[in-house]
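This report concerns only the one structure given below.
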Amino acid sequence: MVQRNPHMAKLQAGYLFPEIRRRKNELLEKNPKSKILSLGVGDTTEPLTPVVVEGLREAVVDLGRTETYSGYGAEQGMKEVRARIAEKLYSGIVAADEVFVSDGAKPDTGRLQLMFGPEVTIAVQDPAYPVYVDGSVIAGVTGPYSEEQQGFEGITYMKCTAENGFFPDLESIPRTDLIYWCSPNNPTGAVSTKEQLQQLVQFALKNKSIIIFDAAYNQFISDKDLPRSIYEIEGAKKCAIEVSSFSKPIGFTGVRLGWTIVPKELQYDDGTPISKDWN
């Protein structure tokens with residue numbers, strides 16, 4: 001028979017969210033009258049906006065008519081959608097052809113590992129959204145799980161807690177190829193300041209690292225002095241990829257729509273544009 005990917009066996013108790021659901025169902029089976037307030041998965045609580053529903057309905061009807069049937073769309077996303085994201089959400093600091101529309105930030109975060117291969121080194125915030133670590137484990141980037149260290153060997157865990165203002169001492173962090181960063185952070189909710197992101201960008205530029213910046217929750221930022229995008233920081237387009245999503249601002253968790261920004265300036269060490277491979 002075909003052998004199992006040995007890296008799958010490293011995962012502890014499977015992916016976090018199905019495990020939370022399993023434990024919840026187990027509890028309800030034993031205590032059917034229990035009322036659970038679940039904080040496990042960041043799902044939506046309100047229905048889709050009517051204008052979105054109408055747009056989806058019209059698109060399906062069009063696909064059912066010979067005269068309006070379109071077949072496959074552009075692999076990078078509809079040109080109009082890419083342009084609107086660049087214009088409305090980024091105020092033109094990124095170009096439309098640097099926006100790649102997809103089925104969500106989480107799938108894109110996992111796919112990014114395919115471009116960098118199993119030899120890269122990674123650093124993640126601690127605590128952090130589980131896909132950064134689990135995706136790296138499956139890709140073969142890490143060693144086994146260490147009970148003593150409470151983490152996977154080969155991953156640099158950057159402690160981000162209330163004690164250090166949810167930002168690590170970068171001078172004590174070893175150089176890695178990839179740095180996963182999420183702001184606002186899931187699960188802590190901490191938002192990185194402009195000064196902190198400037199430090200992070202300078203750290204990445206100095207070490208020739210790439211930041212994978214998860215901005216999926218940025219629509220919850222109300223303070224205008226706090227950056228919503230890594231590209232608000234000078235130099236970030238030379239060292240950062242940003243992933244984001246419509247799941248949080250307009251309830252697309254079940255519909256699946258997101259995007260990734262890969263700047264033209266971002267290159268591998270041999271000078272090849274990273275956007276060429278992502279495209």
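Note that the structure is predicted; figures quoted are calculated from it, not measured.
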Would you say the side-chain atoms of N185 pair up with the backbone N or O of T188, donor to acceptor, closer than 3.5 Å? yes
According to salt bridge (Lys or Arg N to Asp or Glu O under 4.0 Å), does anything in residues 218-228 pair up with another residue at least two apart or in another chain? List the pairs. none
May I ask you to list the residues sharing a hydrophobic cluster with L114, side-chain cutoff 4.5 Å, ordered by chain and number? none
Main-chain N/O of D177 paired to T121 side chain as donor or acceptor, under 3.5 Å: yes
Under the ring pair (Phe, Tyr, Trp, His ring centres under 6.0 Å) rule, collect the residues that match up with Y180, sequence neighbours excluded. Y132
Applied to residues 79-104, the side-chain hydrogen bond (donor to acceptor under 3.5 Å, both in side chains) test, sequence neighbours excluded, yields Y90-E242, Y90-W259, D97-K264, E98-K237, S102-D108, D103-R111
Is there a continuous path of hydrophobic side-chain contacts, each under 4.5 Å between heavy atoms, that joins V120 to F213? no
Applying the side chain to side chain contact (heavy atoms under 4.5 Å, CB included) criterion to V133, which one of V141, V124, T142 satisfies it? V124
Other than I36, which residues form its hydrophobic cluster under the rule that side-chain heavy atoms must be closer than 4.5 Å? L27, L28
Taking the hydrophobic residues Ile, Leu, Val, Met, Phe, Trp and Tyr, and joining any pair whose side-chain heavy atoms are under 4.5 Å apart, which ones share a cluster with V191? I221, L226
Residues 269-279 side chain polar contacts: donor-acceptor under 3.5 Å, at least two apart:
unit_1	atom_1	unit_2	atom_2	d
D270	OD1	T272	N	2.9
D270	OD1	T272	OG1	3.0
D270	OD2	T272	OG1	3.3
D277	OD2	Y268	OH	2.8
N279	OD1	Q76	NE2	2.7

Residues, nucleotides or ligands: over 12 heavy atoms within 6.0 Å of Q150 CD: yes
Quick one: list whatever passes ring pair (Phe, Tyr, Trp, His ring centres under 6.0 Å) with F167, sequence neighbours left out. W181
Quick one: hydrophobic cluster around V61, which other residues, with the 4.5 Å side-chain cut-off, linked directly or via members? none
How would you list, by chain and number, every residue that makes a salt bridge (Lys or Arg N to Asp or Glu O under 4.0 Å) with E171, sequence neighbours excluded? none
Does one side chain, of Y129 or D214, offer a donor that lies under 3.5 Å from an acceptor on the other? no
All salt bridge (Lys or Arg N to Asp or Glu O under 4.0 Å) counterparts of K206, not counting sequence neighbours: none
Once salt bridge (Lys or Arg N to Asp or Glu O under 4.0 Å) is applied, what residue pairs with a partner in residues 180-192 remain, sequence neighbours excluded? none
